[in-house]
> 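This structure is in structure tokens; I'll ask about it shortly.
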Amino acid sequence: MLKRLLLLPLFALLTVPLAAQDREALQTDSVYEFRFVPRKDMFFIPYRDNLAELERLSALVARYKGAITGGQTPIFVDAYCNSMPGKAENKAVARTRANRVKSELILHQGLTEECFVTHSHADKGDWVTVRVTVPHPTEIPAATRAENEEAGETAMEDKAAEIAMKDKAPETGETGPVMENLAETGVVEKSGHTLALRANLLRWATLTPDLGIEWRINRHVGILVNGSWTSWSWSDKDRRYSLWKVSPEVRYYIGKENRGYLGVMYHIGEFNCKLGATGRQGDYQGSGITGGYLLELNRALSLDFHAGIGYTRAEYDKYKVTDGVRVREGSDSKNYWGINQLGVTLVWKLNQ
């Protein structure tokens with residue numbers, strides 16, 4: 001019994017280092033959480049605590065970059081989404097969110113896709129967690145430790161300013177090395193250069209076919225051209241409704257999601273309308289300021305609610321129809337100030 005009592009303190013002393021080692025192992029497992037707006041896959045760095053978390057994660061990656069790129073320390077990325085209608089949509093959004101977060105480290109820390117272990121989940125919430133199990137210093141070769149410390153000192157000094165400037169920096173269009181790096185990893189961010197087909201549903205409702213195309217030069221600027229044409233006659237050609245119109249426009253999209261916009265437009269066309277006793281045939285042209293809002297239906301389709309206000313001038317001949325022959329009865333002109341464009345347009349992005 002005396003021997004057993006003497007052995008108890010010795011056993012307790014032996015368990016203390018083991019417990020300390022367990023606590024140290026737990027402390028080396030670092031978790032970072034990035035929040036996303038429900039139903040959105042864009043990574044907004046100023047949102048919630050994302051900026052602070054990204055600074056902490058970037059500093060850790062810079063310090064242990066050698067171990068991470070060498071394969072000793074993988075980065076575990078788990079992305080979640082439960083705000084979309086279906087499981088497949090939630091998983092697709094979660095996958096995109098994971099790529100958004102990874103692209104920050106790929107761009108600014110020089111990592112590759114092989115450095116990550118990624119899982120996408122259609123449940124829980126709208127966030128991405130990044131977990132890094134930092135290796136014990138004794139597990140890292142001395143040369144790698146020295147490299148990590150040297151790289152960490154430089155990266156930690158520059159990272160805060162780099163992230164803070166990220167959202168303020170203008171689009172430069174310089175994509176060479178960055179896009180090549182992302183292309184290798186398979187997480188390329190889609191370019192702001194998009195083409196979209198357009199159809200004004202209000203014009204189609206009046207039996208006036210309308211089609212257009214828009215080229216988004218970047219996130220904020222779009223150039224588009226719309227055209228309409230129709231030709232109808234009835235009552236043995238005593239009634240007529242025909243016209244053609246071409247309308248180029250330049251838009252500037254505003255806001256973080258580029259839904260609202262302001263623009264300037266010009267339109268020109270010809271018409272021949274006889275809905276009563278007197279018909280009018282001529283041409284018109286004008287310009288104005290436009291504005292509107294894009295309502296996204298899915299990743300490829302959206303509705304464009306738009307209107308324009310400005311000046312339009314029309315010059316035309318008046319005529320009547322006698323025994324099937326049009327008889328001219330003078331000419332006239334009209335100057336109009338007010339709403340000269342209105343539409344609910346279906347937009348189909350071609351390169352989604």
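Keep in mind that what you see is a predicted model, and the values were worked out from it rather than measured.
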> What are the two closest heavy atoms between Tyr293 and Gly260, and how far apart are they?
CD1-N, 4.1 Å
> Taking only residues two or more places apart in sequence, or in another chain, which ones meet Trp337 in a side chain to side chain contact (heavy atoms under 4.5 Å, CB included)?
Tyr311
> Donor-acceptor pairs under 3.5 Å, side chain of residues 262-270 to any protein atom, not counting sequence neighbours: which ones?
unit_1, atom_1, unit_2, atom_2, d
Tyr266, OH, Gln285, OE1, 2.6
His267, NE2, Thr312, OG1, 3.1
Glu270, OE1, Trp244, NE1, 3.1

> Looking at Leu202, I want to see if its CG is surrounded by more than 12 non-hydrogen atoms of other residues, nucleotides or ligands under 6.0 Å.
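It does: Leu202 CG has more than 12 such atoms within range.
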> Output all residues satisfying side chain to side chain donor-acceptor pair (under 3.5 Å) with Glu329, sequence neighbours left out; order by chain, then residue number.
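Glu329 satisfies side chain to side chain donor-acceptor pair (under 3.5 Å) with no other residue.
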> Would you please name every residue forming a salt bridge (charged side-chain N to carboxylate O under 4.0 Å, His left out) with Arg328, sequence neighbours left out?
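Arg328: salt bridge (charged side-chain N to carboxylate O under 4.0 Å, His left out) contacts with Asp317.
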> Considering only distance and modelled atom types, tabulate donor-acceptor pairs under 3.5 Å from the side chains of residues 36-49, sequence neighbours left out.
unit_1, atom_1, unit_2, atom_2, d
Arg39, NH1, Ser83, O, 3.3
Asp41, OD1, Arg100, NH2, 3.2
Asp41, OD2, Arg299, NH1, 2.8

> Could you check Arg131 against Thr133 for side-chain contact (heavy atoms from CB on, under 4.5 Å), going step by step and ending with a plain yes or no?
CA-CA 7 Å; Arg131 180 167 56 88; Thr133 302; 3.8 Å; yes
> With sequence neighbours left out, write down each residue that passes side chain to side chain contact (heavy atoms under 4.5 Å, CB included) with Leu201, or none if nothing qualifies.
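Residues passing side chain to side chain contact (heavy atoms under 4.5 Å, CB included) with Leu201: Leu303, Leu346.
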> For Lys245, check side chain to side chain donor-acceptor pair (under 3.5 Å) against everything at least two apart and list the hits.
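Lys245 satisfies side chain to side chain donor-acceptor pair (under 3.5 Å) with no residue once adjacent residues are dropped.
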> Are Leu57 and Val132 close enough that some pair of their side-chain heavy atoms sits under 4.5 Å apart?
yes
> Quiz question: by atom type and distance under 3.5 Å, do the side chains of Thr129 and Trp127 form a donor-acceptor pair?
no
> Less than 4.0 angstrom from a charged side-chain N to a carboxylate O is my criterion; do Asp78 and Lys124 meet it?
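No, no charged N to carboxylate O under 4.0 Å.
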> Supply the members, apart from Val325, of the Ile/Leu/Val/Met/Phe/Trp/Tyr cluster built from side-chain contacts under 4.5 Å; use none for a lone residue.
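Under the 4.5 Å side-chain rule, Val325 groups with nothing.
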> Quick one: closest heavy-atom pair of Ser302 and Glu296, and the distance?
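Minimum heavy-atom contact is CB-CA, 3.8 Å.
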> With sequence neighbours left out, write down each residue that passes ring-ring contact (aromatic ring centres under 6.0 Å, His included) with Tyr252, or none if nothing qualifies.
His220
> So, for Ile339 and Tyr336, which heavy atoms are closest and what is the spacing to 0.1 Å?
O-OH, 3.0 Å
> Can you name the side chain to side chain contact (heavy atoms under 4.5 Å, CB included) partners of Asn82, sequence neighbours left out?
Asp126
> Should Ser30 and Leu60 count as side-chain neighbours, where that means a heavy-atom distance under 4.5 Å?
yes
> Taking only residues two or more places apart in sequence or in another chain, which ones pass salt bridge (charged side-chain N to carboxylate O under 4.0 Å, His left out) with Lys91?
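None.
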> So which atom in His119 and which in Val117 form the shortest heavy-atom distance, rounded to 0.1 Å?
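Minimum heavy-atom separation between His119 and Val117: CE1-CG1, 3.7 Å.
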> Quick check: closest heavy atoms across Glu33 and Glu53, and the distance to 0.1 Å?
N-OE1, 2.9 Å
> Return the set of residues passing side chain to side chain contact (heavy atoms under 4.5 Å, CB included) with Gln281 (not counting sequence neighbours), or none when no residue passes.
Asn272, Tyr319, Arg326
> Which heavy atom in Thr208 sits nearest to a heavy atom in Tyr241, and how many Å separate them?
OG1-OH, 2.9 Å
